[in-house]
Protein chains: 2
Amino acid sequence: MQAPLEAPARPRAATAAGDAHQRLRAMILDDALPPGTQLLEAELAVLLGMSRTPVREAMIRLEQEGLVSITPRHGMRVLPISATDMREIYEVLTSLEPTAAELLARRSLPAAALAPLHQACAAMEAALAAEDRRAWAAADEAFHRGLVELCGNGRLAAMAMQVWDQSHRARMFTLNMRPLPAASTAEHRAIMQAIAAGDGDAAREMFHRHRRRGGSELIALIERSGLAWV
Amino acid sequence: MQAPLEAPARPRAATAAGDAHQRLRAMILDDALPPGTQLLEAELAVLLGMSRTPVREAMIRLEQEGLVSITPRHGMRVLPISATDMREIYEVLTSLEPTAAELLARRSLPAAALAPLHQACAAMEAALAAEDRRAWAAADEAFHRGLVELCGNGRLAAMAMQVWDQSHRARMFTLNMRPLPAASTAEHRAIMQAIAAGDGDAAREMFHRHRRRGGSELIALIERSGLAWV
DNA sequence: GGATTCAATAACGCATGCATTGTTTGCCGC
DNA sequence: GCGGCAAACAATGCATGCGTTATTGAATCC
C-alpha cells in the first residue's frame, strides 16, 4: 500500500490512451497520487511508458471527470477535496440517489434483478458485525453503485458515479474517524425493502433522509479535521 | 441559417483544441451538424482548418459531454436523441433543478442577485404576449441557466447544463409543435416568487411539478413524432 | 539589499509521419 | 449470380519534432 509511486500493472486497455486513463484514475482514487500532486506530461509519459500524446488524452478525460486540473505550464494537478466540495457532492447525491431509488422501486423488476443490492446489504451487515470498516465501505459502494446502475437511467448513474468517485478518497479517509456505521447499515436495509416492495415514495424519502444525515456527518468530520483537505 | 456546413467564424479560443471544441459544440447545437452526421478526424481537420491532433482532443471532450460518439474507423457521429434519452434527461432535470431552486431559495441572496431570473421571467412573459416562440425559448433557457448557476453548487450546475445541452435540439424542434407555453410561463413566475421569498420547500415542490409536466409533454410529443429522432 | 529586466530554458500545443488494423473492393469458386 | 477470400486501401493511434511562450535564474540598476 506504500509502493513508491509506480504505475500498477493492470489488464491493459485496448489503447494506450484508455490504459493511461484507467491507470491514472485508479492511482488517484487509491491515493497513489495524493491530492496536490503535480505531474508534467513528460513525467506521466515516462511513468506510464508511453508518449505524451495518449497521456494528454487521458488528462483531458480526467479533467472532465473532476479529478485533476490542467494548468498549461504546470502539468496536471490532482485535485484536493475541500469541505465545500463535499457539500456540493452530497447535495448532488442527495438529489440524484433518492430519485434513482424511486425509479428503481417503480420499475418492478423481477426480484432476482435486485440480487446485487441484497448481497451488498448482507455484506454490509457482515462487515458491521466483524467491525471491518474497509469491507463495510466496499459494500456501501457496491450498494450505491448497484442502485444507480439498476435505476434504468444511464445518465443519472454516470453522474452519480462521477461525484461518488470525486469523494472516494474523502470517504476512505474519514472511515476510521467515524463510529461504526450501524444506523447507516440499517437504513440501507430499509431502503432495500421499500424498493423490493415497489414503494417508490418511501424509497425516495428514506434515501433522502439517509443522504442528508450521512452527508452532514461527513462534512462535519471534514470541517473538524481542517480545511484544504485530502 | 442554412449555410452549407461551414465552420462559423467565432471569437477564437486561445488554443486550437479549445476552439475546435467550442465551434463543433455550437455547430451541433445549432443543427449545422445534424444528428447522425458522421465526420472523420481528417474531415474535421479540414473543416476547422487545423491538424488532427487538436480535433481529436475536441472530440474527446464532446464525447464526454454526450453530444457525439466516437467509433474507431467511422469517426465522430453526432448523437440523435430518442424518446428514451429525453426521458432520462428529464428525470435528471426533475431531480436536479428542484434541488437547485431549494438551495437558491435558502441562500437568501440580496434581491439584486436574482435580477437575471427576474429579467428572464419578464422576457418570457413578453415573448408569450408577442407569440414569439424563439424568444420564449431563449428566455426559458436563461431562466434555467440562471437558476442553476445561482444555486451555489457548481457541480450541480454543470451537470444540469450538460443534459440541458443534450436536449437543446429537441426543445428547439418541438417548439413549434406545442401550444404557446402559457402555463409554463406562469409557473416560472411563481417559482421565482417562492425563491425570492426564501421558501425553499415551495420552490422545490413547484419546480418539481413544473418539470414533471413539461417533461411528459415533451416526451409525448417526441413519441408522437416517431422514434429515432432528432 | 532588493527589485527589475533580459536571456536561457523548459513545457506545451500542434503538425506530421508511420505502423497497425479494420474496411472495402475485386476476384475466384460454386 | 452469389458468397467467400485476399489484397489494397484508409483511418486511426501513437511517437516525434518544432515553434511558441511562460518561467526561471542571473546580471544589472536603484
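All of these numbers come straight from a predicted model, not from anything done at the bench.
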### Query
Quick one: are A:D19 and A:M50 in side-chain contact, heavy atoms under 4.5 Å?
yes
### Task
Indicate yes or no: at least one non-hydrogen side-chain atom of A:T53 is less than 4.5 angstrom from one of B:R56.
no
Grab the [atom1]-[atom2] distance between [X] and [N] for me, whole Å please.
| X | N | atom1 | atom2 | result |
| --- | --- | --- | --- | --- |
| B:M76 | D:dG13 | CE | C1' | 18 Å |
| B:L40 | C:dT24 | CG | C1' | 14 Å |
| B:R56 | D:dA15 | CZ | P | 11 Å |
| B:L44 | C:dA15 | CG | P | 14 Å |
| B:R77 | D:dT12 | CZ | P | 15 Å |
| B:E57 | D:dT12 | CD | C1' | 15 Å |
| B:R73 | C:dT21 | CZ | P | 9 Å |
| A:Q38 | D:dT23 | CD | P | 12 Å |

### Summary
The answer to which of A:M59 and A:T53 contacts DNA chain C further toward the 5' end, by nearest nucleotide, is A:M59
### Task
For the pair B:H188 and B:F143, name the ring-plane relationship: parallel under 30°, tilted 30 to 60°, perpendicular over 60°.
perpendicular
### Query
So which one's nearest nucleotide on DNA chain D is more toward 5', B:E41 or A:P54?
B:E41
### side-chain N/O B:H74 vs D:dA10 OP1/OP2, d < 4.0 Å
no
### Phosphate OP1/OP2 of D:dA15 contacted by A:S51 side-chain N/O (<4.0 Å)
yes
### Query
Side chains of A:Q166 and B:R155: donor-acceptor distance under 3.5 Å anywhere?
yes
### Message
From C-beta outward on B:R52, which listed nucleotide comes closest to its side chain: C:dA10, C:dG17, D:dT16?
### Response
C:dG17
